Asker: 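To start, I am sharing the structure in question, which I have written as structure tokens.
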Amino acid sequence: MIVQIISSKAIEAVQNLFGVSVPASQLAVQRTIPSFRNQGDFSLVVFPLLKVSRKSPEETARLLGEELLRLMPEAESFGVVKGYLNVRIVKGFWEGFVKDNHSTHFFGVDNQPSGKPVVVEYSSPNTNKPLHLGHVRNNLLGYSVSQILKASGKNVAKVNLVNDRGIHICKSMLAWKLSGLNETPQSSGKKGDKLVGDYYVLFDKMCKTELKELIDSGKTEDEATAASKLMAQAREMLLKWEARDPETLQLWSMMNEWVYAGFDVTYKRLGVDFDKIYHESQTYLFGKEIVEEGLKSGILFRKDDSSVWIDLTAEGLDEKLLLRSDGTSVYMTQDLGTAQLRANDFDPESLIYVVGNEQNYHFEVLKLILQKLGRPWADHIYHLSYGMVELPEGKMKSREGTVVDADDLMDEMIATARAMTEELGKIEDFDSDEAQELYRIVGLGALKYFILKVDPRKNMLFNPADSIDFNGNTGPFIQYTYARIKSVLRKAEAEDIRFEHFEVNELHSKESDLIISLYEFPSTVKQAAADYSPAIMASYLYDLARDYNTFYHELSILKEENESKKALRLAISSLTATVIKNGMQLLGIEVPERM
RNA sequence: GGUCCGGUAGCUCAGUUGGAUAGAGCAGCAGCCUUCUAAGCUGCGGGUCAGGCGUUCGAGUCGCCUCCGGAUCACCA
């Protein structure tokens with residue numbers, strides 16, 4: 001990397017000039033800001049060196065620049081502004097970079113996977129209701145982070161932990177049974193997850209009616225809840241399920257199958273997948289052995305009512321329950337068990353949990369307990385905590401019907417893509433299938449980019465009006481740039497213009513801006529991986545697309561008369577297309593050849 | 001109340017270990033298609049980086065305090 005080269009040569013230069021060895025941390029090398037690009041490509045801040053140079057900032061920069069020219073064949077010239085040394089890189093360096101990579105299909109994403117796997121858990125839905133906007137953010141993040149980690153050279157295992165048991169599933173089952181309609185996805189034509197979700201809502205309604213009657217008859221709210229027959233029936237059903245009552249199990253597995261079939265459709269459309277799916281019904285009993293182990297080693301303790309706890313007050317947290325007084329496990333117990341299970345299954349380098357920030361405390365405690373229990377891999381648990389998705393009218397509330405359904409959302413985005421495309425009238429020669437495919441790519445591209453461009457940690461606002469805007473900092477803008485480049489490349493191919501041979505003797509500023517952006521793609525992948533942040537990739541791709549569009553606008557490519565320049569511009573264009581395609585793929589976004 | 005996260009232009013968001021004059025997009029205004037795709041490009045206006053104090057040659061970025069918003073602190077998951 002050129003930044004590292006400059007940095008290490010600068011250390012050498014300081015040694016030669018002032019006889020002092022300075023740490024790399026003292027030498028900040030950065031891209032020169034646009035105002036001073038006429039002087040150089042990269043800048044070095046010399047203020048930290050004044051103590052050792054005992055000279056003015058300008059003089060220090062000048063001496064360092066001269067020494068760098070001697071030491072660094074890649075340095076062509078330099079300029080000094082105040083305490084900034086601006087270094088111009090020789091054209092041959094960029095020529096070599098473009099020549100080496102312009103036809104490399106997997107530029108930037110071709111790191112060979114090595115090491116133990118990184119296990120990424122994401123999605124993790126409940127089977128009592130369909131996927132909504134919040135899940136969409138989760139799924140897109142999990143998938144994208146997995147792609148980015150892979151590209152950066154990690155082995156990745158994507159896992160899903162489906163919450164397929166518990167009182168909430170029993171509620172759907174009970175409502176379905178009580179309705180007596182025997183409604184199925186086949187009989188109703190409803191998507192399975194929607195159908196089951198409807199019964200969950202129905203249960204809620206029936207429950208409210210029952211409660212209202214009880215309260216009207218003079219009971220307090222608490223008394224009414226306690227007296228609710230429906231709730232009692234649901235609890236009874238859960239007990240039956242845990243006792244493996246055949247009839248209950250059958251109903252449970254039938255309805256879950258419906259949900260899975262529905263989820264599969266949504267997952268497939270969203271473009272996400274998993275290497276392994278865990279089901280809580282099979283793992284919810286795990287973790288108790290770990291609790292026993294913790295009791296033996298004295299890390300956990302039992303209270304008089306025989307419930308089991310861990311005392312984390314020394315860590316600034318509270319006491320946390322791990323086993324109820326009746327000996328049953330809680331969420332934390334299960335998660336300890338599934339973490340161990342995953343450690344056994346994968347022998348992972350690290351465990352990543354893509355889970356909303358409302359569970360920050362849970363994961364902090366989970367990690368701490370496992371560390372106290374001496375699990376070496378616990379140090380590598382990372383909670384990829386993301387913020388909530390809010391709507392302009394506030395939070396999504398299923399009870400108030402303000403939940404944005406994942407399938408509906410995709411439908412709307414694709415319909416919008418269709419409307420926009422038809423209005424622009426550029427694809428008259430597409431057949432119906434090609435057109436449908438384009439609407440899908442653009443609609444989903446808009447949705448995915450809109451969500452992934454914001455820093456995962458932050459809460460985000462999902463404004464439907466903004467999300468369907470396809471101009472500016474959007475997925476379709478980047479897709480458009482790609483299609484535009486491909487159009488040029490097709491023309492070049494038709495005219496049998498090759499671009500293997502060119503010499504770079506001079507560079508237009510728009511050319512060098514673009515080349516340097518392209519050069520930074522591999523390190524951007526690494527950084528996005530290190531930060532678990534698709535937003536970094538999204539932001540990079542937007543800047544790149546913008547750089548390309550100004551380049552495209554200011555310089556002609558095919559009409560350039562100088563053959564060498566024409567070839568260079570085609571090579572840059574080709575590499576830009578590759579980077580956009582590879583980068584978008586890291587976000588789970590496809591790019592169209594034409595649009 | 002304790003802990004954690006956030007507060008940057010009217011709105012939505014960037015701002016890599018502290019570095020040059022804090023940037024985009026949207027919205028508004030004004031231009032650019034006889035030229036490789038105008039889903040594009042160019043220009044204009046718009047800021048007490050919530051506020052204060054401190055560290056530093058240098059702070060949106062680090063530390064402390066205050067204010068505002070959110071999450072969490074269940075024998076729920």
Side-chain angles (χ1 to χ4, degrees), chain A residues 24-25 28 30 32-33 35-36 43 45-48 50-51 57 81-84 86 124 126 163 166-168 280 303 305 307-309 316-318 320-326 328-332 334-335 356-362 364-365 385 387-388 390 392 395 417 420-421 423-424 426 442 446 450 453-455 457-463 465-467 469-481 483-492 523-524 527 530-531 533 535-536 538-539 542-543 545-546 549-550 552-560 569-570 573 594-595:
Chain A
S25 61
Q30 62 204 33
T32 302
I33 62 168
S35 327
F36 300 110
S43 302
V45 188
V46 303
F47 292 109
L50 300 184
K51 282 193 192 93
V81 179
K82 291 189 280 182
Y84 294 85
N86 304 312
S124 310
N126 291 341
N163 181 4
I167 192 75
H168 44 290
E280 276 195 20
K303 287 194 178 175
D305 64 359
S307 57
V308 178
W309 299 73
L317 305 172
D318 318 346
K320 185 82 188 172
L321 177 89
L322 290 172
L323 278 185
R324 295 189 185 99
S325 47
D326 64 4
T328 57
S329 49
V330 292
Y331 179 42
M332 183 61 77
Q334 288 179 43
D335 253 12
N357 62 11
E358 70 271 12
Q359 294 195 33
N360 285 354
Y361 182 72
H362 172 78
E364 193 182 346
V365 172
S385 159
M388 344 181 76
E390 284 163 16
K395 284 182 195 163
M420 298 283 277
T421 307
E423 194 183 317
L424 290 167
K426 291 192 198 176
V442 173
F450 188 82
K453 75 175 175 184
V454 350
D455 185 333
R457 289 185 314 241
K458 292 185 177 171
N459 287 357
M460 67 169 290
L461 181 79
F462 188 87
N463 185 341
D466 288 348
S467 72
D469 192 335
F470 290 0
N471 301 313
N473 189 359
T474 65
F477 168 82
I478 299 169
Q479 291 171 321
Y480 171 76
T481 307
R484 209 179 204 191
I485 297 170
K486 294 305 274 191
S487 172
V488 175
L489 294 177
R490 275 192 301 273
K491 287 209 161 107
S523 61
T524 305
Q527 205 208 321
D531 291 2
S533 175
I536 288 174
S539 175
Y542 173 64
D543 288 341
R546 218 159 27 97
N549 280 317
T550 58
Y552 178 92
H553 188 261
E554 286 201 22
L555 301 170
S556 45
I557 302 167
L558 296 171
K559 293 189 167 56
E560 170 59 45
R569 287 174 194 169
L570 279 167
S573 298
R594 292 179 56 195
M595 69 184 275

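Keep in mind that what you see is a predicted model, and the values were worked out from it rather than measured. Lettering follows sequence order; numbering is per chain, from 1. We use all heavy atoms of the structure for the numbers below, so side chains are in, but hydrogens, waters and symmetry mates are not.
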Asker: Could you work out, with ring pair (Phe, Tyr, Trp, His ring centres under 6.0 Å) as the rule, every residue matching F470(A), not counting sequence neighbours?
Answerer: none

Asker: Counting side-chain heavy atoms from CB outward, which of C76(B), G40(B), A20(B) is closest to T32(A)?
Answerer: A20(B)

Asker: How would you summarise protein contacts on nucleotides 6-12 of chain B per nucleotide, using B for base, S for sugar-phosphate only and - for none, with heavy-atom distances below 4.0 Å?
Answerer: SS----S

Asker: Any idea which of A20(B), U37(B), C41(B) is nearest the V488(A) side chain?
Answerer: U37(B)

Asker: Name the closest nucleotide to the D318(A) side chain, picking from C73(B), U35(B), C41(B).
Answerer: C73(B)

Asker: Please pick, from C76(B), C41(B), A20(B), the nucleotide with the shortest atom-to-atom distance to any side-chain atom of Q30(A).
Answerer: A20(B)

Asker: Please name all residues satisfying ring pair (Phe, Tyr, Trp, His ring centres under 6.0 Å) with Y552(A), sequence neighbours left out, ordered by chain then number.
Answerer: none

Asker: Look at the side chain of S35(A) against the base of A20(B) and say whether a donor-acceptor pair falls under 3.5 Å; ignore hydrogens and angles.
Answerer: no

Asker: Base, sugar-phosphate, or nothing for T550(A), non-hydrogen atoms under 4.0 angstrom?
Answerer: sugar-phosphate

Asker: Polar atoms only, N or O, under 3.5 Å: list the protein pairs with nucleotides 56-59 of chain B and their distances.
Answerer:
none

Asker: Taking only residues two or more places apart in sequence or in another chain, which ones pass side-chain hydrogen bond (donor to acceptor under 3.5 Å, both in side chains) with T328(A)?
Answerer: R324(A), D326(A)

Asker: Taking salt bridge (charged side-chain N to carboxylate O under 4.0 Å, His left out) as the test, write out the residues that go with R546(A), two or more places apart.
Answerer: D543(A)

Asker: Return the set of residues passing side-chain contact (heavy atoms from CB on, under 4.5 Å) with S523(A) (not counting sequence neighbours), or none when no residue passes.
Answerer: M1(A), E520(A)

Asker: Taking the side chain of E280(A) as its heavy atoms from C-beta onward, which of G40(B), A77(B), U17(B) lies nearest to it?
Answerer: A77(B)

Asker: Can you tell me which stems RNA chain B forms when a stem means 3 or more consecutive Watson-Crick or G-U pairs under 3.5 Å?
Answerer: B:1-7 with B:67-73, B:10-13 with B:23-26, B:28-32 with B:40-44, B:50-54 with B:62-66

Asker: May I ask you to verify if any side-chain N or O of R490(A) is less than 4.0 angstrom from the OP1 or OP2 atom of C36(B)?
Answerer: no

Asker: Among all residues two or more places apart in sequence or in another chain, which pass the ring pair (Phe, Tyr, Trp, His ring centres under 6.0 Å) test with Y480(A)?
Answerer: none

Asker: Examine G40(B): is either OP1 or OP2 under 4.0 Å from a nitrogen or oxygen in the side chain of N471(A)? Give yes or no.
Answerer: yes

Asker: Could you work out which one of A77(B), C36(B), U21(B) sits closest to the side chain of K82(A)?
Answerer: U21(B)

Asker: Among residues at least two apart in sequence or on other chains, which ones pass side-chain hydrogen bond (donor to acceptor under 3.5 Å, both in side chains) with E560(A)?
Answerer: R569(A)

Asker: Using OP1 and OP2 only, check whether a side-chain N or O of R484(A) sits under 4.0 Å from A38(B).
Answerer: yes

Asker: Looking at the side chain of Y542(A), which of C73(B), U37(B), G25(B) is the nearest nucleotide?
Answerer: G25(B)

Asker: Counting just side-chain N and O atoms, does K491(A) come under 4.0 Å of either OP1 or OP2 of U37(B)?
Answerer: yes

Asker: Nearest to the R594(A) side chain among A20(B), C36(B), U37(B), which nucleotide is it?
Answerer: U37(B)

Asker: Output all residues satisfying side-chain hydrogen bond (donor to acceptor under 3.5 Å, both in side chains) with N163(A), sequence neighbours left out; order by chain, then residue number.
Answerer: N126(A), H168(A)

Asker: Please enumerate all residues that pass side-chain hydrogen bond (donor to acceptor under 3.5 Å, both in side chains) together with T481(A), with sequence neighbours excluded.
Answerer: N549(A)

